[in-house]
Number of protein chains: 2
Amino acid sequence: MSARTAELRAIKPAGQGLRERRRQQTRAEITDAALELFAQGSVAATTVDDIASAAGVSPRTFFRYFASKEEAALPVHQEFNAALADGLPAVDPGSDLRREVNGLYGLMVRPYLDNDSPAAQRMLQVSRLIRKEPALRAAMVRQNLERTEEVQQALAARLGPERTDPLELRLAIDIASVVVRASLDTWASQLEAGGPADLAAIYRRALEFAK
Amino acid sequence: MSARTAELRAIKPAGQGLRERRRQQTRAEITDAALELFAQGSVAATTVDDIASAAGVSPRTFFRYFASKEEAALPVHQEFNAALADGLPAVDPGSDLRREVNGLYGLMVRPYLDNDSPAAQRMLQVSRLIRKEPALRAAMVRQNLERTEEVQQALAARLGPERTDPLELRLAIDIASVVVRASLDTWASQLEAGGPADLAAIYRRALEFAK
DNA sequence: TGTCAATATGGCAGTATCTGCCACAATGGC
DNA sequence: GCCATTGTGGCAGATACTGCCATATTGACA
């Protein structure tokens, strides 16, 4: 957990040495293996040993990268955290709270605005899986909770302890989070159903409705 | 999971025979044991065997009542579901969606409006534990997710499939849920800190802020 | 370039979680 | 009071996860 906190706070060094690059690569390989096995069979029917062996690592090593098999299938977590970490410094403590937090969380949808981008395609793949697998939804809300708590701490520190009402800060963050997730889900559902979908438009509509 | 769906839909029969009453009693005993052991030690340090033995049942029976030790400590789940099930028939399909859903979820805070009531005291006890234990927070958001999905289905059925935009329904529910949880958390925090706290006022303020 | 500290990996043992299955006991309707 | 239904416990087994140690790889620095 402290590792994840650091993840949010620290500015990502890009290719810091071969060591870190290999680590990210291994991480990606595990995720790919998990996604494929989950898609083929099911989360319940897939064991950690299966994933580890498919990824070419030992089960022991698997648990050094992910706390559970469910988390291995949710790489978006990292992208989200990165987006938030990038946006944190730009939050204006003087401006309207809801607006600022919505702006921050809005960064999370940016990588997927182009339906044909690789990022969007990957997100769709993961979304499909999540919709089919309650276990993955549970893992997702868990990650979401942790992220929310970290953001709350970070924003409280940035805005000043007494400058912001805890209730309002909490609500601003949770609502922003809910708006983003509902938008992404709706977008993915529409695309999966075969129809067209404009994430930007959906997100704008969600923001308006939540206001 | 289908058991829980039924739980939400069915109108609770009160004391349907000795059998059901004993079942509720056993359930309560397990919960009490779990809460006490968690408070004494920690969730991690407490095993299912500990809880089961303290409650006077076998571990095998424990798992017939709760899916995990964390869930055993969150009995509020049932109260929340009951409140929502009670309120569902009163939802007016013709009225404003956000307002109706907020009204429905508002039922969840009613039992705790009086700080001195037994229900409030129990909620405070659980809240204190939840604030200390990330594992319980994770279990809580998981329950919240399931409840949210059930409510969404129930409301979609009640409002008519084409009458309501999925995005708006989803947002209305999630926001209402977030408002209630933030209110209860704030209320519990304030009371725990020793100060006075008016749940009704907090909830009104949260609703206003979220509007 | 060679050496050393730091770090990643794998294996192993051990504990805890959770489930299916079976036998047995308690209950409640008739 | 009989019988179908339901709750309970025990057992075996699979899986998830962790601590510990040995080993190998990497990267910094002399």
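All of these numbers come straight from a predicted model, not from anything done at the bench. Each chain gets a letter, A, B and so on, in the order the sequences are listed, and its residues count up from 1. Heavy-atom basis, side chains included; hydrogens, waters and symmetry copies ignored.
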Visitor: Arg64(A) or Thr47(A): which one's nearest nucleotide on DNA chain D is closer to the 5' end?
Guide: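 The residue mapped nearer the 5' terminus is Thr47(A).
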
Visitor: Please round to the nearest 0.5 Å and tell me the distance separating atom CD1 of Ile51(B) and atom NZ of Lys69(B).
Guide: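 Those atoms lie 7.0 Å apart.
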
Visitor: Looking at residues 48-61 of chain A, who's got a heavy atom less than 4.0 Å off DNA chain D?
Guide: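 Result for residues 48-61 of chain A: Val48(A), Arg60(A), sorted by number.
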
Visitor: Quick one: label Arg22(B) by what it contacts on the DNA or RNA (base, sugar-phosphate, nothing), any heavy atom closer than 4.0 Å.
Guide: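 No contact.
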
Visitor: Would you kindly give the CD-to-P distance between Glu29(A) and dT9(C), to the nearest whole Å?
Guide: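 Rounded to the whole Å, the gap is 11 Å.
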
Visitor: When the ring planes of Tyr112(B) and Phe80(B) are compared, do they come out parallel, tilted or perpendicular, using 30° and 60° as the limits?
Guide: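 Rings of Tyr112(B) and Phe80(B): perpendicular, over 60°.
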
Visitor: Roughly how many Å is it from CD in Glu70(A) to C1' in dT17(C), rounded to a whole number?
Guide: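 After rounding, the reported distance stands at 13 Å.
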
Visitor: Picking from dC21(C), dT9(C), dA16(D), which would you name as closest to the side chain of Lys69(A)?
Guide: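 When the side chain of Lys69(A) is considered, dA16(D) is the closest of dC21(C), dT9(C), dA16(D).
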
Visitor: Just checking Tyr65(B): base, sugar-phosphate only, or nothing, at a heavy-atom cut-off of under 4.0 Å?
Guide: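 Here Tyr65(B) touches the backbone only, sparing every base.
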
Visitor: Rounded to the nearest angstrom, tell me the gap between atom CZ in Arg21(A) and atom P in dT25(D).
Guide: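 In whole Å, dT25(D) P and Arg21(A) CZ are 18 Å from each other.
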
Visitor: For residues Thr186(B) and Ser183(B), is any side-chain donor paired with an opposing acceptor at under 3.5 Å?
Guide: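 Ser183(B) and Thr186(B) do not have a side-chain donor-acceptor pair below 3.5 Å.
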
Visitor: Nearest whole angstrom, please: distance from the P of dC20(D) to the CZ of Phe63(A).
Guide: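 From Phe63(A) CZ to dC20(D) P: 18 Å.
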
Visitor: Rounded to whole angstroms, how far apart are CD on Glu20(A) and C1' on dA8(C)?
Guide: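 Atom-to-atom, Glu20(A) to dA8(C), this comes out as 12 Å.
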
Visitor: Taking atom P of dG7(D) as reference, at what distance in whole Å does atom CZ of Phe62(B) sit?
Guide: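 For the pair Phe62(B) CZ and dG7(D) P, the rounded distance is 17 Å.
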
Visitor: Which pairs with one or both residues in residues 50-67 of chain A pass salt bridge (charged side-chain N to carboxylate O under 4.0 Å, His left out), sequence neighbours excluded?
Guide: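 Listed once each, the pairs would be none.
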
Visitor: Using a 4.5 Å cut-off on heavy atoms from C-beta on, say whether the side chain of Gln24(A) contacts that of Gln78(A).
Guide: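 Touching, per the 4.5 Å side-chain cut-off.
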
Visitor: Are Asp185(B) and Arg137(B) ion-paired here, with the side-chain N under 4.0 Å from a carboxylate O?
Guide: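 Judged by the 4.0 Å cut-off on N to carboxylate O distance, Asp185(B) and Arg137(B) do not form a salt bridge.
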
